[in-house]
Amino acid sequence: MKTHSAYKVFTLLFSLSFFNSCLIQGFTDDYGKLDENQKAKIVTLKNFQDVRHGFIYLINGTQLKEEITKYPKSIVYIFVSGCTSKSCKPLNVYENYAEKYGYKLFLVMDGFPDLDKTTDQEIKAPLFAIDSKYYKSTLRIKYVKYFTNELLGRPLKTKDSEYLGSIYFFKNGKFDKILEDLP
């Protein structure tokens, strides 16, 4: 009898936590939590030559990897929109670093929580976001892994649980290194 009651309590707690995770930011891409004005600014990337300031371009790893080959040095910074952690710097820090050292910068959001905290920053670089629909998953942990695997030329479903950073450096289109913070 105690086992049955414990099972009911566990089921109830699991159900409540699952329901709450739908309300918590960051579990999915959070696109459904955006208002219509914010959604209107998010468009699918057609080509890199047509990107304009004020829009966020949905992108996949293959598109980005192909574009990176056009530059001698590139940085891809994959970041959490609206991050308030000490490790999250304003986007202009990455922009200034890239400009100072001659890198082409690609700012890639891994989802849309607190989108205004990102779009309100004064930067020149265009904003990109991982296209979760391309990866057929709105679960952030899944589509971010697929995106990074594709970007690095690994099989899509390669499992690599070690976090090495979110700043990807490329030289002549080839992956060079990943850092957690700018040097």
Could you check F169 against Y103 for ring-ring contact (aromatic ring centres under 6.0 Å, His included), going step by step and ending with a plain yes or no?
CA-CA 9 Å; F169 289 79; Y103 286 93; 5.5 Å; yes

May I ask you to test the [X]-[Y] pair for a side-chain heavy-atom distance under 4.5 Å?
X    : Y    : value
M109 : F79  : yes
V76  : L151 : yes
L34  : I42  : yes
V43  : I56  : no
F48  : E66  : no
L45  : L58  : no
L107 : L105 : yes

Taking V144 as the starting point, is it possible to reach I68 by hopping between hydrophobic residues whose side chains are less than 4.5 Å apart?
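I68 and V144: one cluster.
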
Assigning hydrophobic clusters by single linkage (Ile, Leu, Val, Met, Phe, Trp, Tyr; side-chain heavy-atom cutoff under 4.5 Å), is V80 placed with L139?
no

Does atom [atom1] of [X] have more than 12 heavy-atom neighbours, drawn from other residues, nucleotides or ligands, at distances under 6.0 Å?
X    : atom1 : value
K133 : NZ    : no
E99  : CD    : no
K70  : NZ    : yes

Just by modelled atom types, is the [Y] backbone N or O under 3.5 Å from a matching donor or acceptor in the [X] side chain?
X    : Y    : result
Y57  : R52  : yes
Q38  : L115 : no
Q121 : L91  : yes
E180 : G165 : no
Y143 : D110 : yes

So, N60 and Q63: side-chain donor and acceptor under 3.5 Å apart, yes or no?
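There is such a pair (donor and acceptor under 3.5 Å, judged by atom type) between the side chains of N60 and Q63.
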
Can the positive tip of K104 be found less than 6.0 Å from the middle of the six-membered ring of F106, inside 45° of the ring normal?
yes

Restricting to non-hydrogen atoms, name the atom on S137 and the atom on K142 that form the minimum distance, rounded to 0.1 Å.
OG-CD, 3.5 Å

Reported [atom1]-to-[atom2] distance for the pair [X] and [Y], which is rounded to 0.5 angstrom:
X    : Y    : atom1 : atom2 : value
K117 : C88  : NZ    : SG    : 11.0 Å
E95  : K89  : CD    : NZ    : 15.5 Å
K145 : R154 : NZ    : CZ    : 5.5 Å

Test side-chain hydrogen bond (donor to acceptor under 3.5 Å, both in side chains), reference S81, set D114, D116, T118, T119, output is T118

Before you tell me yes or no, could you show the steps for Y31 and T138 under side chain to side chain contact (heavy atoms under 4.5 Å, CB included), namely the whole-Å CA-CA distance, both residues' side-chain angles and the distance that decides it to 0.1 Å?
CA-CA 9 Å; Y31 181 82; T138 58; over 6 Å; no

Are any of the side-chain nitrogens in D29 or R140 under 4.0 Å away from the carboxylate oxygens of its partner?
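Not counted as a salt bridge, because no side-chain N and carboxylate O are separated by less than 4.0 Å.
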
What I want to find out is whether K73 reaches D176 closely enough, with some N-O distance under 4.0 Å, to be called a salt bridge.
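Answer for the salt bridge query: no.
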
Please work out whether the ring planes of Y135 and Y146 are parallel, tilted or perpendicular, with thresholds of 30° and 60°.
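Rings of Y135 and Y146: tilted, 30 to 60°.
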
Is the gap between the ring centers of Y77 and F128 under 6.0 Å?
no

Please confirm whether Y101 and Y97 have ring centers closer than 6.0 angstrom.
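Yes, the ring centres sit under 6.0 Å apart.
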
